[in-house]
Each structure stands twice: as C-alpha cells, then as structure tokens.
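The block underneath contains the structure these notes are about, expressed in structure tokens.
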Amino acid sequence: MRRRSLLAASAAAVALPFAARAATNWPTQPVRMIVPYAAGGPTDVPARILTDSMSRSLPQRVVIENRTGAGVVIGTEVVATAPKDGGTLLYTTVSHSVVKALFPNIPFDPVTSFAPVALVGVIPMVLMVNKNLPVQNLQDLIRLYRENPGKYDYGSAGNGSALHLAAELFLDQAGGLRVNHVPYRGSAAAMPDLLNGTLTMMTDVASNVIPFAQRGDVRALAVAGNARMPQLPDVPTFAEAGMPGYEAYTWHMILAPAGTPADTVEAINKAVNAALADPAVKTRLGELGVTVRPDSTPASALAFLQAEVAKWGGIIQKAGIQVN
C-alpha cells in the first residue's frame, strides 16, 4: 500500500508542472466548448472525450455546450462574438472551412474572426463503389466514368457536404469526369441506394465505410490519407492508386475568438496537446477513426485552416455548388 501511495504521489508530481504552466493564463471561469452539432453525434463524442481529459488536469472544467441551427452558423457565431478571454471556444470540423463559400452573407469570417488553437486530428475519406460495379480499382473506375460521361450517379450527404466536396474533388482531379450528383439527407440515407446499385459511388468518412467494406457490402477503392488504414489493410491510398496529391479529410479543430491574447491561446493549446498525448484518449479517438495531431500549434492550425478554406472554396466555385 505504501509503495502504491508513493507511486501515485510521484505521478501527481510529474503532472503538476504542466497543470501549473497551463493555468498561468488559463481562464478563471469554466470554459465553454461550443459544439455546433447535436449531442451524441460524430463530432460531439470526440469533443467530450477530449474535454474530459483536459478538465482533469486544469484548474477549471471545460464544459461542452451544443448549439445547433442553420448548419453550423449559429454555434459558430456564438464563439465569433464571445469575449476574447479564452472562456468560450469552438470545436468544429471541415464544415467550418466551406461555410463562407456556401453562405456568403454569414456575419463572420471562418479565418479572420477566429484564433486557431489546435488541430485535434483528421479522419480520412474513403471512396467506395457498389460491389457489383465492373471495376476492381480506382483506375478502372476512372476509365469507366471517362468512357461513359453522364451515365452514372454518385451520392452524398447533401449539397455542399464534406462528402459532396470530396467526390467533386476526385472527379475534378481525375480529369473532369462527368458523373451525376444525387444529394441525400445524410450518408446513412444514401447508403441503401449504393448497396442496391442505384448509385455507383460515394465518398464517406472512414469510420462509416469500414463496417460495410469489411463485410464486403461495398468495394472500397482508395483511402484519402497518407497511409493505409489498419482496419482496411488491402485498400490503397489515393497516391498508391495512381492519384498522388488527392487529400480529403474531415477534421476536428479548436478555435477561439479573434483577438484572444496569444499567451491564453498558447496555454489552451498546451492543454489540448497534453490530452491528445494521453494513450487512453488517443486510443478512444482512434476507435472513432480520428488520427490525432498532438503536436499542433496555433500557427500550424491557422495554416491548415487557410489551406482548407482555399481548396474547398475553389471546388465549390468551380463545380457551381449551391445550398438550397
């Protein structure tokens, strides 16, 4: 018992320096982490895993607040107009990078209205096709579409969704292929039509594709990441499949209001990265398909966000994508 007590005391002593450093410029009140998505969803769950870990090592709890409405606009605006003291943060996704291109009149800018804190992690997209489509690999699919312009349909989670944009990026980079887009209310609604052959193709986040691909219900052709996934070891990356340079992720990022003091942003960044370095947190997020980025800095998060806004804004403009 005495030995266990000494070990516990030693562990606490190691943890204290970080907590003390992070607390130097940490807000004095509980921190609101605004999630502009519904509770229990694929964005909310990782946010809660992360904030639970952060709260255990900080002087103030980080409390999730779900603020939905108008897509992500309402929750995002709450943070854009919040006090610049680090007391209100935004936990957002790739949708943040396209909101201005899709809704030009929103009352904030996705870059200049915010101070990026940390890129939490990325979830690669996977391109899959109906299992009976006469293709075995990505180049077969490109050839089929090129030889039959306008004949086939692909599905997405809706106009302007990350799934829609990822597919349009693929069609553009593969040579301007003409495939008809059919929007659905979410990827789950589209999946039955992919399974029955009404649709030929769909891109989706890896966590959604894995169970269907593992059962052989669909044929996964390529992973839009820089490495193969352990859950789908036989599925090549886009680079391996002959399309180097293609990248399509959904991602999770934490932002503060623009004008938040740099030392406060830095303190929050350290708290986020410490939580992401926790093996238990990394494992739990990995099970949800998130590849964590525990070395993100405010500067690298800003550069990543700027690149995403430019990339997806260009695709939206080129493809003439509009939200009804």
Side-chain angles (χ1 to χ4, degrees), residues 12 15-16 18-96 99 108 110 113-121 123 250-278 280-285 287-288 290 292-294 296 298 301 305:
L16 276 174
F18 166 74
R21 288 196 303 272
T24 302
N25 300 297
W26 190 258
T28 57
Q29 72 279 7
V31 175
R32 295 192 303 161
M33 184 77 77
I34 304 296
V35 177
Y37 298 91
T43 303
D44 177 73
V45 173
R48 291 180 186 275
I49 292 171
L50 178 64
T51 54
D52 283 349
S53 178
M54 292 172 63
S55 295
R56 287 194 292 270
S57 63
L58 292 167
Q60 298 288 344
R61 287 196 59 78
V62 184
V63 181
I64 294 289
E65 184 177 321
N66 300 97
R67 295 291 293 270
T68 61
V72 299
V73 173
I74 289 178
T76 303
E77 186 180 3
V78 168
V79 180
T81 57
K84 308 175 189 305
D85 58 3
T88 304
L89 304 173
L90 178 68
Y91 190 101
T92 193
T93 70
V94 65
S95 295
H96 185 84
V99 68
F108 57 82
S113 298
F114 299 89
V117 174
L119 176 64
V120 174
I123 307 174
T250 187
W251 42 259
H252 294 192
M253 182 179 287
I254 294 175
L255 306 170
T260 301
D263 54 356
T264 300
V265 171
E266 187 65 31
I268 300 170
N269 172 270
K270 290 182 184 300
V272 172
N273 286 347
L276 293 174
D278 182 337
V281 172
K282 183 177 180 180
T283 296
R284 292 182 68 191
L285 292 178
E287 290 170 349
L288 298 174
V290 181
V292 302
R293 296 285 180 86
S296 174
L305 178 59

Pair Val99, Phe108 - check side chain to side chain contact (heavy atoms under 4.5 Å, CB included), show working. CA-CA 10 Å; Val99 68; Phe108 57 82; 4.1 Å; yes

Does the side chain to side chain contact (heavy atoms under 4.5 Å, CB included) test come out yes or no for His252 and Ile123, once each step is laid out? CA-CA 8 Å; His252 294 192; Ile123 307 174; 4.1 Å; yes

Criterion side chain to side chain contact (heavy atoms under 4.5 Å, CB included) on Ile268 and Leu89, from CA distance to verdict: CA-CA 10 Å; Ile268 300 170; Leu89 304 173; 3.8 Å; yes

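By the neighbour-count criterion of 12 heavy atoms within 6.0 Å, atom CZ of Arg48 is densely surrounded, having more than that number from other residues, nucleotides or ligands.
Considering all non-hydrogen atoms of both residues, Pro257 and Thr88 come closest at CD-O, 3.4 Å. Nearest approach of Pro36 to Gly75, heavy atoms of both residues: CB-CA, 4.1 Å. Shortest non-hydrogen contact noted between Asn269 and Pro298 is ND2-CD, 3.6 Å. When every heavy atom of Val281 is checked against every heavy atom of Ala275, the shortest pair comes out as CB-O, 3.3 Å. Heavy atoms only, all atoms of each residue included: Pro116 and Leu305 are closest at CG-CD2, 4.2 Å. Across Val45 and Gly40, no two heavy atoms sit closer than the pair CG2-O, 3.7 Å.
In this structure a side-chain-to-backbone donor-acceptor pair under 3.5 Å is present from Thr76 to Val72. Side-chain atoms of Ser53 never come within 3.5 Å of backbone atoms of Leu50 as a donor-acceptor pair (strictly under, hydrogens ignored). A donor-acceptor distance shorter than 3.5 angstrom exists from the side chain of Lys84 to the backbone of Ala258, with no hydrogens or angles considered. Between the side chain of His96 and the backbone N or O of Pro110, at least one donor-acceptor pair lies under 3.5 Å. A donor-acceptor contact shorter than 3.5 Å is absent between the side chain of Asp44 and the backbone of Tyr37.
Here the straight-line distance linking atom CZ of Arg61 with atom CZ of Arg56 works out to 9.0 Å at 0.5 Å rounding. Taken to the nearest 0.5 Å, the CD atom of Glu65 stands 4.0 Å off from the CD1 atom of Ile34. The CG atom of Asp52 sits 7.0 Å away from the CZ atom of Arg284 when rounded to the nearest 0.5 Å.
In this structure, Pro42 and Leu288 have side chains that are not in contact, with every pair of non-hydrogen atoms separated by 4.5 Å or more. In this structure the side chain of Val63 never reaches within 4.5 angstrom of the side chain of Arg32, judged on heavy atoms. Put simply, the side chain of Arg293 does not reach to within 4.5 Å of the side chain of Leu276, judged on heavy atoms. A 4.5 Å side-chain heavy-atom check between Met33 and Ile254 finds at least one atom pair inside the cut-off.
The closest side-chain donor-acceptor pair between Tyr91 and Thr51, if any, does not fall under 3.5 angstrom.
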